[in-house]
Amino acid sequence: TQSTWGFKVKLLTPNSNGYFQTMIGLAPKENFKFSEGTNCNSCGWYLSCANGTLWSQDGDYRRKYLETGRLKTGQIIEVIYEKEKEKISYKIDGKDCGVAFENINKNKLDLFAAFDHTEKNESFQLI
């Protein structure tokens, strides 16, 4: 497997309140709940589009990360996973936001692109 990989997402349609509550990150298949919308604090590592904070299975809960806060329609979020260094970082519209999570995935599980959300009618696109 590659030592560094990632993916990009473009935010398309916000919820009825006018913003995105989607969480974007990485998670192992093990323990991922496909229908509950609670993975952000129990399975994986995520960036909240609602306020730019970090959430994780390691106890991160609204940890400050993005100075800009809420993400908006049209923005592109890139998730970068450095497997050997056990780090996840993000880029927003090409701007490096720095390391978000360190010392992750101690069990060496395969990680996959993961999205967690509780609001209906939001949309985004993998690019």
Side-chain angles (χ1 to χ4, degrees):
T1 60
Q2 292 179 314
S3 61
T4 300
W5 64 271
F7 64 94
K8 293 180 183 181
V9 172
K10 182 175 184 177
L11 298 177
L12 299 177
T13 309
N15 61 37
S16 60
N17 295 318
Y19 62 93
F20 293 89
Q21 284 197 282
T22 300
M23 304 265 194
I24 299 173
L26 298 168
K29 277 199 261 187
E30 294 80 359
N31 300 320
F32 191 85
K33 299 173 185 98
F34 287 93
S35 62
E36 293 187 25
T38 59
N39 290 298
C40 63
N41 56 18
S42 64
C43 183
W45 299 267
Y46 301 86
L47 169 66
S48 168
C49 293
N51 54 23
T53 59
L54 300 173
W55 298 61
S56 79
Q57 67 183 34
D58 296 330
D60 295 290
Y61 176 79
R62 294 184 181 171
R63 181 164 57 90
K64 187 170 175 59
Y65 180 62
L66 294 181
E67 293 297 323
T68 57
R70 186 171 286 165
L71 297 174
K72 297 172 180 59
T73 300
Q75 288 192 289
I76 296 173
I77 298 101
E78 183 175 359
V79 181
I80 301 132
Y81 176 41
E82 296 178 76
K83 186 174 183 176
E84 299 302 318
K85 295 180 180 180
E86 298 180 338
K87 294 181 181 181
I88 296 173
S89 57
Y90 292 87
K91 290 183 181 180
I92 307 297
D93 293 330
K95 180 181 179 272
D96 187 352
C97 299
V99 174
F101 300 102
E102 297 182 276
N103 303 314
I104 64 158
N105 200 20
K106 302 257 185 266
N107 296 328
K108 304 296 183 205
L109 299 171
D110 288 332
L111 299 183
F112 298 87
F115 308 93
D116 203 27
H117 61 177
T118 56
E119 291 291 319
K120 296 180 181 179
N121 302 321
E122 290 183 22
S123 66
F124 55 87
Q125 177 183 27
L126 286 167
I127 56 174

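All heavy atoms count here, side chains included; hydrogens, waters and symmetry mates do not.
No side-chain heavy atom of I24 sits less than 4.5 Å from a side-chain heavy atom of K8. Considering only heavy atoms from C-beta on, L111 comes within 4.5 Å of I104 through its side chain. For the pair L71 and F20, the minimum side-chain heavy-atom distance is 4.5 Å or more.
Taking hydrophobic clusters as Ile, Leu, Val, Met, Phe, Trp and Tyr residues chained together by side-chain heavy-atom distances below 4.5 Å, I92 shares a cluster with I88. Under the 4.5 Å side-chain heavy-atom criterion for ILVMFWY residues, a single connected hydrophobic cluster contains both F7 and F124. Linking Ile, Leu, Val, Met, Phe, Trp and Tyr whenever their side-chain heavy atoms come within less than 4.5 Å puts F101 and L66 in one cluster. No chain of hydrophobic side-chain contacts below 4.5 Å, direct or via other Ile, Leu, Val, Met, Phe, Trp or Tyr residues, connects F115 to I80. The hydrophobic clustering, which links ILVMFWY residues whose side-chain heavy atoms are closer than 4.5 Å, places L26 and L126 together.
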Go through it in stages, so that I can follow the logic: the residues are V79 and W45, the test is side-chain contact (heavy atoms from CB on, under 4.5 Å), and I'd like the CA-CA distance, side-chain angles, deciding distance and then a yes or no. CA-CA 11 Å; V79 181; W45 299 267; over 6 Å; no

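A donor and an acceptor atom, one from each side chain of N51 and T53, are located under 3.5 Å apart.
Between M23 atom CE and H117 atom NE2 the span is 11.5 Å, to the nearest 0.5 Å. With rounding to the nearest 0.5 angstrom, the CG atom of L54 is 13.0 Å from the CZ atom of R62. Of the inter-residue distances, the one linking I76 atom CD1 with I127 atom CD1 reads 3.5 Å to the nearest 0.5 angstrom. Distance CG/L12 to CD/Q75: 12.5 Å, rounded to 0.5 Å. With values rounded to the nearest 0.5 angstrom, K10 atom NZ is found 9.5 Å from D93 atom CG. Of the inter-residue distances, the one linking T4 atom OG1 with K87 atom NZ reads 10.5 Å to the nearest 0.5 angstrom.
Heavy-atom contacts from other residues, nucleotides or ligands closer than 6.0 Å to CG of N121 number 12 or fewer.
For the pair D116 (side chain) and N39 (backbone), a donor-acceptor distance under 3.5 Å is present. A donor-acceptor pair under 3.5 Å is absent between the side-chain atoms of Y81 and the main chain of F112, judged by distance alone. A distance-only check finds a donor-acceptor pair linking the side chain of E122 to the backbone of Q21 [under 3.5 Å].
Considering all non-hydrogen atoms of both residues, L11 and K72 come closest at CD1-O, 3.7 Å. Heavy-atom minimum distance, Y65 versus G98: OH-O, 2.5 Å. Closest of all the heavy-atom pairs between C43 and P28 is SG-O, 3.6 Å. S42 and K33 make their closest contact through OG-NZ, 3.6 Å (heavy atoms, listed as atom of the first residue, atom of the second, distance). Y90 and G25 get closest at one heavy-atom pair: OH-CA, 3.6 Å.
Of the options T22, T13, T73, N15, a side-chain hydrogen bond (donor to acceptor under 3.5 Å, both in side chains) to S123 is made by T13 and by none of the others.
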